[in-house]
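For the single chain, residues carry numbers from 1 onward in sequence order.
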Amino acid sequence: MRLIELDKENFDALVTDARCPVLVEFFSPGCGPCHALAVVLEEMADACPHVRFAAMDTVRFPDVAWAFDVMAAPTTLLFEDGRRIDSVTGCVPRERIEEMLAKAGMTLERKDA
């Protein structure tokens with residue numbers, strides 16, 4: 001599943017007003033680690049259908065990134081009930097993203113079992 005592309009017009013509807021947890025990767029288009037993390041997040045989106053996985057381009061929308069104190073790409077934020085509940089900066093291992101989801105009470109469906 002591809003990450004939902006966020007912009008200024010849909011951010012509130014898809015993140016702030018969402019009724020489900022939302023994981024947002026703030027990325028830069030020319031950033032290799034951002035692309036690597038996006039691949040991991042896309043795989044995880046298939047295994048965790050109760051979480052919305054999205055991406056926000058920090059080059060096109062620096063003011064949105066700034067509003068959430070995003071200072072480097074990639075930065076991944078987890079929102080629940082419109083509030084940021086966790087964040088991590090850098091291309092982190094899948095396990096760190098799983099820890100973020102566990103904080104929101106979400107678990108991944110394992111396909112290898």
Side-chain angles (χ1 to χ4, degrees):
M1 171 185 286
R2 294 197 41 87
L3 302 178
I4 296 168
E5 187 174 331
L6 298 172
D7 57 36
K8 284 185 187 181
E9 286 74 37
N10 68 11
F11 191 90
D12 283 337
L14 294 175
V15 178
T16 309
D17 300 333
R19 296 188 184 272
C20 64
V22 183
L23 192 79
V24 179
E25 178 194 10
F26 286 83
F27 73 97
S28 175
C31 168
C34 296
H35 291 291
L37 182 59
V39 170
V40 171
L41 296 178
E42 288 171 355
E43 291 172 359
M44 294 179 75
D46 290 332
C48 199
H50 302 306
V51 175
R52 181 174 292 152
F53 286 77
M56 184 81 180
D57 184 336
T58 60
V59 173
R60 289 182 56 213
F61 306 105
D63 51 336
V64 177
W66 179 81
F68 290 100
D69 299 321
V70 173
M71 302 296 161
T75 293
T76 306
L77 305 180
L78 178 62
F79 293 84
E80 187 171 39
D81 298 324
R83 296 180 354 263
R84 182 172 77 181
I85 63 169
D86 202 357
S87 65
V88 65
T89 299
C91 185
V92 297
R94 177 185 174 114
E95 293 75 23
R96 177 60 180 101
I97 303 298
E98 290 175 353
E99 290 172 8
M100 291 176 76
L101 296 174
K103 195 175 222 179
M106 295 290 140
T107 56
L108 299 174
E109 297 172 3
R110 293 286 180 188
K111 294 182 180 178
D112 53 18

For a 4.5 angstrom cut-off between non-hydrogen side-chain atoms, does [X] reach [Y]?
X   : Y   : value
T58 : F27 : no
V15 : M56 : no
E25 : C34 : yes
F79 : T16 : no

Same cluster for [X] and [Y] if Ile/Leu/Val/Met/Phe/Trp/Tyr side chains link at under 4.5 Å?
X   : Y   : answer
V51 : V88 : yes
V24 : F68 : yes
F53 : I4  : no
L6  : V70 : yes
V40 : F26 : no

*Take R60 and K8, measure what side-chain contact (heavy atoms from CB on, under 4.5 Å) needs, and give me the verdict at the end.*
CA-CA 10 Å; R60 289 182 56 213; K8 284 185 187 181; over 6 Å; no
_Distance check, rounded to the nearest 0.5 Å: D12 atom CG versus D17 atom CG?_
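The CG atom of D12 sits 5.5 Å away from the CG atom of D17.
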*asked:* Distance check, rounded to the nearest 0.5 Å: R94 atom CZ versus L37 atom CG?
replied: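 Going from CZ on R94 over to CG on L37, the span is 11.5 Å.
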_Audit row: T76, R96, side-chain contact (heavy atoms from CB on, under 4.5 Å) steps and yes/no_ = CA-CA 11 Å; T76 306; R96 177 60 180 101; over 6 Å; no
Please name the pair of heavy atoms, one in [X] and one in [Y], separated by the smallest distance, quoted to 0.1 Å.
X    : Y   : answer
P21  : E80 : CG-OE2, 4.3 Å
A72  : T89 : CB-CG2, 3.9 Å
M100 : L77 : CE-C, 4.1 Å
C91  : P74 : N-CG, 3.8 Å
L14  : V22 : O-CG2, 3.5 Å

Examine distances only and state if a side-chain atom of [X] and a backbone atom of [Y] form a donor-acceptor pair shorter than 3.5 Å.
X   : Y   : result
D7  : E9  : yes
N10 : E5  : yes
R52 : C20 : no

